[in-house]
Amino acid sequence: MQVIVQHDKNTAVISISGDVDLYSSPEMRKAITQLSKKKVPLIVVNLKDVDYMDSSGVATLVEGLQLTGKYKGCFRIACLKPTVWEVFELARLDRVFEIYETEEKALKVSPL
Amino acid sequence: MDSAKREDYIIRVEDLVVAFDSRVVLNGVSLNVRRGETMVILGGSGCGKSTLLRHIIGLRRPESGKIIIKGRDITQLDNEELSKLLRKVGVVFQSSALFNSISVGDNVALPLREHTKLEESTIQIMTKIKLDMVGLAGYESFMPSELSGGMKKRAAFARAISMDPEILFCDEPSAGQDPIIAAGLDQLILKLKKALKMTIVVVTHEMASMYTIADRVIMLRGGKVIFRGTQKEFKASDHPRVKQFIDRRPEEYSEEEIGRYARALTSNSF
C-alpha cells in the first residue's frame, strides 16, 4: 500500500493505493493523525486506487472522523470503488461519512 | 459436475476417517470448497457434521485422510505452523466458547490485540463495528454471563470475524436465535462473502438458512457424504434421505432395527 499526502494550510489530500488491511492500515492512520495534529480544516482521503479495504481500514477512517471532529475540521472520502463501498455498507458507515464521487467535488463543497 | 481445478479450492478434505474408540464417525469423507463460496454442510443430529468441522480447523487429528487448507495439509503441521495458518480463519463454535472472565468487547478485541499491531483506538472502533454487525451494538462492557444464549452466539460470531478472516467456519450459527435474528445472521453471511470475499463453511440443519446462503451443499449421514451439489440439485434430488430431510418426515424404523433395539433393552449390560 502507498500513501501520498499533499497539503497546504487549509486542505489536505491523502491518496491511497493498494490494499488496506490489518497490516497496512497503520500507514494510513499515521498520515491521518499527523494532519489532524496540525488541525488541517479539510482532509480528503482519495481511495481511487484501492480495490480492497478491510474493517481495520474503515475503523481507521472513523478515527479520522473523530480526530478532525475534535477541532471541528472536515473529513471526507472520495472516489470509492464499488468493492470498497460494500465494506462501508457492511459496517453501516456509508451514511456516516461524507462521500464524494471525485476529489474535486470533495474539495469544492463547503463544509456542512 | 464440479468443473473447478484443484488449485481453485481453498479447502480440500480427502478421504477423512475419524473414529472415537471403535465407533467410526466419519468414514471416507471428501469435500472441496472454492475460494469465495459458501458451503453448507447439512445433516441430522449426530451425523458427524460438527466432528468434520472440528477436524477441518485442526482441533483434532483424524485417523486417516488429508485436510488441505490453502495448499497445506494441516494433519502434517506442528502446532506453531497450524496456529499461523489459522490466523486468517474464524470459527463460530456451537457452544459460543467466549471467555467468561472478560467483557464481550474484550472477547471480540482479543484476537486483534494478540495478532496485530493495530492501535488500541482502532481496535476499539473495529470491535464496535463487529458488535453492531451482529446486532449487539452497545454491549461492549457486558460480561458474557449477562447475555442470553442467542446473544452469546452472536458475540462469538463478532469475535470470529474480528480479524476479517479469509475463511469463516460456523457451527449451527442460527441455533437458539429467534427467526428475525437468524435471518439477520444469514444476511450478514451473504454480506461478508460479498464485501470481504470470505470463504464460508456453515454447519446447520436449518433448511431456511441453507436456502438463503448456500452456493453448494453437502449432506452427511452415517459418517458419509450422501449428497453434494447446488441448492437446485439438492431440491431436485431423488435420494430418499435428502427427500426425507426436505419433507421433514420422521424416521421410520425397519423390523430389523426394532429387533436390535428390543435385544439391546433386554440384555443385562451396557
Side-chain angles (χ1 to χ4, degrees), chain A residues 1 3 14 16 18-37 43 45 47 50-71 75 77 80-97 99, chain B residues 35-36 84 86-90 105 108-138 140 157-168 184-200:
Chain A
M1 191 194 77
V3 180
I14 305 172
I16 313 287
D19 290 351
V20 185
D21 59 20
L22 290 172
Y23 307 99
S24 61
S25 61
E27 273 300 302
M28 181 169 78
R29 185 181 184 279
K30 200 171 147 191
I32 292 169
T33 50
Q34 280 174 354
L35 291 166
S36 55
K37 268 182 196 162
I43 299 175
V45 182
L47 298 175
V50 175
D51 288 316
Y52 177 84
M53 178 177 281
D54 70 7
S55 54
S56 71
V58 292
T60 302
L61 295 173
V62 172
E63 280 193 272
L65 203 58
Q66 289 176 343
L67 292 168
T68 48
K70 280 181 189 164
Y71 60 89
F75 189 82
I77 312 288
L80 274 189
K81 286 193 171 177
T83 50
V84 180
W85 182 272
E86 280 169 4
V87 184
F88 275 65
E89 276 187 318
L90 174 66
R92 295 203 306 166
L93 295 172
D94 49 319
R95 281 178 283 178
V96 171
F97 287 102
I99 301 172
Chain B
R35 192 176 285 278
K84 202 172 167 188
L86 295 180
R87 268 182 212 166
K88 290 299 279 178
V89 171
V108 178
L110 190 65
L112 295 163
R113 290 180 183 143
E114 289 276 313
H115 301 300
T116 75
K117 291 178 178 163
L118 295 172
E119 292 292 329
E120 182 59 24
S121 52
T122 313
I123 289 174
Q124 288 191 10
I125 294 168
M126 288 175 76
T127 299
K128 284 180 182 173
I129 289 172
K130 297 297 157 79
L131 284 172
D132 178 72
M133 282 182 189
V134 298
L136 289 177
E140 296 91 303
F157 200 112
R159 184 179 61 185
I161 60 173
S162 66
M163 299 257 291
D164 293 333
E166 236 177 303
I167 309 172
L168 177 66
L185 286 179
D186 287 344
Q187 289 306 314
L188 178 58
I189 286 172
L190 290 173
K191 287 178 190 168
L192 288 170
K193 178 189 154 194
K194 194 162 178 256
L196 295 172
K197 321 292 175 228
M198 273 184 205
T199 303
I200 302 172

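Convention: sequence-line order gives letters A, B, ...; per-chain numbering from 1.
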Subject >> B/Leu196, part contacting chain A, at a heavy-atom distance under 4.5 Å >> reply: both
Subject >> Contact winner vs chain A - B/Lys191, B/Lys194, B/Lys128, heavy-atom pairs under 4.5 Å >> reply: B/Lys194
Original post:
Looking at A/Leu90, A/Val87, A/Asp54, which has the largest count of heavy-atom pairs under 4.5 Å with chain B?
Top reply: A/Leu90
**OP:** Against chain B, work out which of A/Thr83, A/Val84, A/Leu22, A/Leu93 has the most heavy-atom pairs shorter than 4.5 Å and name it.
**Re:** A/Leu22
Subject >> Proximity breakdown for A/Glu89 and chain B, heavy-atom pairs closer than 4.5 Å >> reply: neither
**OP:** Check whether A/Phe88 gets within reach of chain B through its side chain, its backbone, both or neither, counting any heavy atom under 4.5 Å.
**Re:** neither
Subject >> Interatomic spacing from OG in B/Ser121 to CZ in A/Arg29 - rounded to 0.5 Å >> reply: 4.0 Å
**OP:** Heavy atoms only, distances under 4.5 angstrom: which of A/Ser25, A/Ala91, A/Ser56 has the most pairs with chain B? Name it, please.
**Re:** A/Ser56
Subject >> Point-to-point distance, once rounded to the nearest 0.5 Å, from CD of B/Glu119 to NZ of A/Lys30 >> reply: 11.5 Å
Subject >> Whether over 12 other heavy atoms sit under 6.0 Å from B/Lys84 NZ >> reply: no
Original post:
Hey, which of A/Leu61, A/Thr60, A/Val62, A/Val58 is the one that makes side-chain contact (heavy atoms from CB on, under 4.5 Å) with B/Ile125?
Top reply: A/Val62
**OP:** Give a yes or no on whether A/Arg92 atom CZ has more than 12 heavy-atom contacts from other residues, nucleotides or ligands under 6.0 Å away.
**Re:** no
Original post:
Quick one: of B/Met163, B/Lys117, B/Gln124, who has the most non-hydrogen atom pairs under 4.5 Å with chain A?
Top reply: B/Met163
